[in-house]
Amino acid sequence: MRHEFDLVNRELVAKAIGELCFEQVLVARPRDKKAGQDSRVLELSSGVHYRFNSEQGIWDFFVVEPESLERFADGQWRRDINAAQFFIDCQRECDISDINLSNFISELKLNLYSDLKLLQDRKAGGKDHFDLDHLASQNRINGHPKLLVNKGRIGWEPADLSLYAPEFNPCFQLFWIAVSHDLIKSHMSPCWSQDKVISSSMDHEEAQRFHQVCREKTLSSEEFFFLPVHPWQWQNVLQTELIDWIWEGQVFPLGVFGDDYRPQVSIRTVSNITRPECPDIKLALSIMNTSCYRGIPAKYIDIAPELSQWLQSVVDSDSLLRGRVAVLKEPAACSFQHPQYETLPDGAYRLKEQLGCIWRDSVASTIDDDEEAILTACLSHIRDDRQCLGSHLIESSGLSPAEWMRLYFEVVVLPLYHLQVSYGVGLVAHGQNTILVLKENRPHRLLLKDLQGDLRFIQDEIPELDRVSGTIKSTVTRLPPEYLIHDLITGHFISVLRFLSLDLKRDIGFAEGRFYKILADVVRNYVAGHSYPERIKRMDLLRPKIERVLVNKVKFKLGYGDLQERPVPALGDDLANPLGGE
Ligand SMILES: Nc1ncnc2c1ncn2[C@@H]1O[C@H](COP(=O)(O)OP(=O)(O)OP(=O)(O)O)[C@@H](O)[C@H]1O
Ligand SMILES: [Mg+2]
């Protein structure tokens, strides 16, 4: 037990040193380079030092070997490593106040609790590490790759974690409520209806029980919309937050009904495991997970079905995207505009997003029998003692690493880039939003999801956006092209490929220079024939320098108080682009 706790602490401190040096918050000095060993020391102004072995990656960062970490204090080097103590040691460098640091440490402990569960599962063996089941594989990944406390669900206690957190692999039924149409807005694509909302979450017999309960309370769909809520949200938030309308007869609790659901790694999106072909449901959860509260912002809901339908029509009409990309469409959505909090423009966003749902095509309903689908984050996050999933797939695909990666770039990176430069559409392409479909362990297709807030348009008026309705245009965030491109550079290159390329080097000796040369070739071939050279110039993936985006530094500064809006990242010094040059 003691050993496991030591290990999760070491892993967290190793990640913290690597990412905080990448964010230029800390500076670790190289020590002697013995027999190819990259060893460094971190000297902190508190007088405490850390020394460790590391491996240099191509993106001006290094990965720390957890087992090698030692701490110097009171005149002695020791092997005791404690994550909370580490942040106290480097408080000054992190420029974090006592109040923020104490909250940070409290969140960190929640993180360690879940890390231990993941570690124990990893060690228990018996399971196939490289099982490609979409849900099982994502629930074994190690959280956000850049944010240091990436499994701290503030608001949840251990009992909640074991009932609802993805690493505990729980399953649960949803709680249903009836809300007066005066309070809730629902939006459906033409083939959806209130009946479909119900039948997609429960079988015929259960639906009859559901309707019986509604009849007993004399609730009809003419007056009320029936929707599921996360059981934790009902129990801990909505019973009190909706108290006015419960007592006025505009909101009725109906009870627990229907199929079993399991959380995806994003926590608030749950998948139907009784009938996997039924849609996933994204629900509001008033807990702080990684950087923000995970509610459902009403402003995107009005456009959900239309936006995903439009994106699918773009894909269907484009020869580069057709057959290579599919959108996990969002055929229905509903939102609640809080009559009181919404009147306070500068009020806490957390309180405005407590209720709402998005129904989204499930992966199981989108892939064929001979296909498998994994989050791209799984490629480097999932590993056994010898190698990561990416290396395993390459070895078992019958392709060389170069052939496999070229295919990956053509299947994943090119469509995302094409959407940006040809249609002005940016999707935050981090490893949890991009789903790689494999056939015979080779990259085959890309699935896109998470369009509410994570899809943005180019700021310029371009003809490709003419067909988009006024409502969509006025709702979706517009960004200058130089910013839009970061959905790919920061979202995918730095958050997914940065780690994968170093893993492939370590596991199977595939040089990082070669990895990025292939990517640059794929991009170069694409831009050579492009009809909008001026757009390419402003969305240039091959430029020598790119911006370094910082997330932890922002969190140290903003802390844990309520905010009016979700936090936005800051910038550090530019990075040398491994795709640049030539
Ligand atoms: N490797 C990863 N990269 C990014 N996010 C991750 C990763 N692993 C876990 N996560 C978690 O997934 C969520 C990503 O946030 P994002 O806003 O894209 O998703 P979401 O809107 O909550 O859910 P969904 O993608 O299901 O619509 C966060 O809760 C984050 O902590
Ligand atoms: Mg997401």
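Being a predicted model, the structure only gives us computed values, none of them experimental. Note: hydrogens, waters and symmetry copies are ignored here, and every other heavy atom, side chains too, is used. Order of listing sets the numbers, starting from 1, for every ligand and every atom in it. Nothing fancy with the numbering, it's 1 onward along the sequence.
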Q | Output field: ring centroids Phe515/Phe409 closer than 6.0 Å | A |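 Yes, the ring centres sit under 6.0 Å apart.
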Identify, for [atom], the protein heavy atom at the shortest distance, and state residue, atom and that distance.
atom                    : value
atom 16 (P) of ligand 1 : Asp450 OD2, 3.5 Å
atom 26 (O) of ligand 1 : Thr269 OG1, 2.7 Å
atom 4 (C) of ligand 1  : His430 ND1, 3.5 Å
atom 14 (C) of ligand 1 : Gln432 OE1, 3.4 Å
atom 29 (O) of ligand 1 : Asn289 OD1, 2.4 Å
atom 15 (O) of ligand 1 : Arg294 NH1, 3.3 Å
atom 20 (P) of ligand 1 : Arg268 NH2, 3.4 Å
atom 3 (N) of ligand 1  : Pro145 CD, 3.4 Å

(Q) Would you compute the distance between atom OG1 of Thr376 and atom CD1 of Ile374 and round it to the nearest 0.5 angstrom? (A)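 Output value for this atom pair is 8.0 Å.
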**Q.** Separation between CG of Asp115 and CG of Leu119, rounded to the nearest 0.5 Å
**A.**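 Those atoms lie 8.5 Å apart.
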Q. With the Mg ion (ligand 2) at the apex, how many degrees lie between OD2 of Asp450 and OD1 of Asn433, rounded to 10 degrees?
A.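 About 90°, to the nearest ten degrees.
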Out of [options], indicate the one that has the non-hydrogen atom closest to [atom].
atom                    : options                        : answer
atom 13 (C) of ligand 1 : Cys378, Ser266, Gly295, Ser495 : Ser266
atom 27 (O) of ligand 1 : Lys151, Lys282, Gln138         : Lys282
atom 31 (O) of ligand 1 : Ile287, Thr290, Val265, Asn139 : Thr290

Q) Pick one: which of Asp280, Asp259, Asp260 meets side-chain hydrogen bond (donor to acceptor under 3.5 Å, both in side chains) with Asn272? A)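 Of Asp280, Asp259, Asp260, side-chain hydrogen bond (donor to acceptor under 3.5 Å, both in side chains) with Asn272 is met by Asp259 alone.
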For [X], atoms of ligand 1 separated by under 4.0 Å from a heavy atom:
X      : value
Asn433 : 18 (O), 25 (O)
His381 : 1 (N)
Lys449 : 24 (P), 25 (O), 26 (O)
Gly143 : 1 (N), 2 (C), 7 (C), 8 (N), 9 (C)
Ala377 : 1 (N)
Ile141 : 8 (N)

[X] and [Y] ion-paired at < 4.0 Å:
X      : Y      : answer
Glu23  : Lys555 : no
Asp454 : Lys449 : no
Arg456 : Asp487 : yes

Q) Among Val568, Leu147, Thr490, which one satisfies side chain to side chain contact (heavy atoms under 4.5 Å, CB included) with Val551? A)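 For Val551, the side chain to side chain contact (heavy atoms under 4.5 Å, CB included) test succeeds with only one of Val568, Leu147, Thr490, which is Leu147.
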Q. Does Gln432 put an N, O or S atom under 2.8 Å from the Mg ion (ligand 2)?
A.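 So Gln432 counts as coordinating the Mg ion (ligand 2), yes.
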Q. Can you say whether the rings of Phe172 and Tyr164 are parallel (under 30°), tilted (30 to 60°) or perpendicular (over 60°)?
A.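 Geometry flag for Tyr164 against Phe172: perpendicular rings.
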Q.
Which label fits Phe493 and Trp59: parallel for a plane angle under 30°, tilted from 30 to 60°, or perpendicular past 60°?
A.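 Phe493 and Trp59: tilted rings.
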Q.
With a cutoff of 4.0 Å, is Ile267 in contact with ligand 1, counting heavy atoms of the residue only?
A.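 Ile267 does not count as a contact of ligand 1 under the 4.0 Å cut-off.
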Q) Is the shortest distance from a heavy atom of Gln452 to ligand 1 less than 4.0 Å? A)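 So Gln452 does not count as touching ligand 1.
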**Q.** side-chain hydrogen bond (donor to acceptor under 3.5 Å, both in side chains) between Ser189 and Gln309, worked out
**A.** CA-CA 8 Å; Ser189 62; Gln309 195 53 54; 5.9 Å; no
Q: Please say whether the positively charged group of Lys117, taken as NZ for Lys or CZ for Arg, lies over the ring of Phe168, i.e. under 6.0 angstrom from the six-membered ring centre and within 45 degrees of the axis.
A: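 Judged by the rule, Lys117 and Phe168 form a cation-pi pair.
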Q) Does Arg478 count as lying over the ring of Phe457, i.e. NZ or CZ under 6.0 Å from the six-ring centre, within 45 degrees of the axis? A)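 No - Arg478 does not lie over the ring of Phe457 by the 6.0 Å and 45° rule.
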Q.
With a heavy-atom distance limit of 4.0 Å, tell me whether Asp454 approaches ligand 1 through its side chain, its backbone, both, or neither.
A.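 Answer for Asp454: side chain.
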Q. If you measure from each non-hydrogen atom of His144 to ligand 1, which part falls under 4.0 Å: side chain, backbone, both or neither?
A.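 The part of His144 near ligand 1 is both the backbone and the side chain.
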Q | Contact check: Asn150 vs ligand 1, nitrogen or oxygen atoms, below 3.5 angstrom | A |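 No: no nitrogen or oxygen of Asn150 is under 3.5 Å from one in ligand 1.
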Q: Give a yes or no on this: more than 12 heavy atoms of other residues, nucleotides or ligands lie within 6.0 Å of atom CD of Glu157.
A: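 12 or below, so no.
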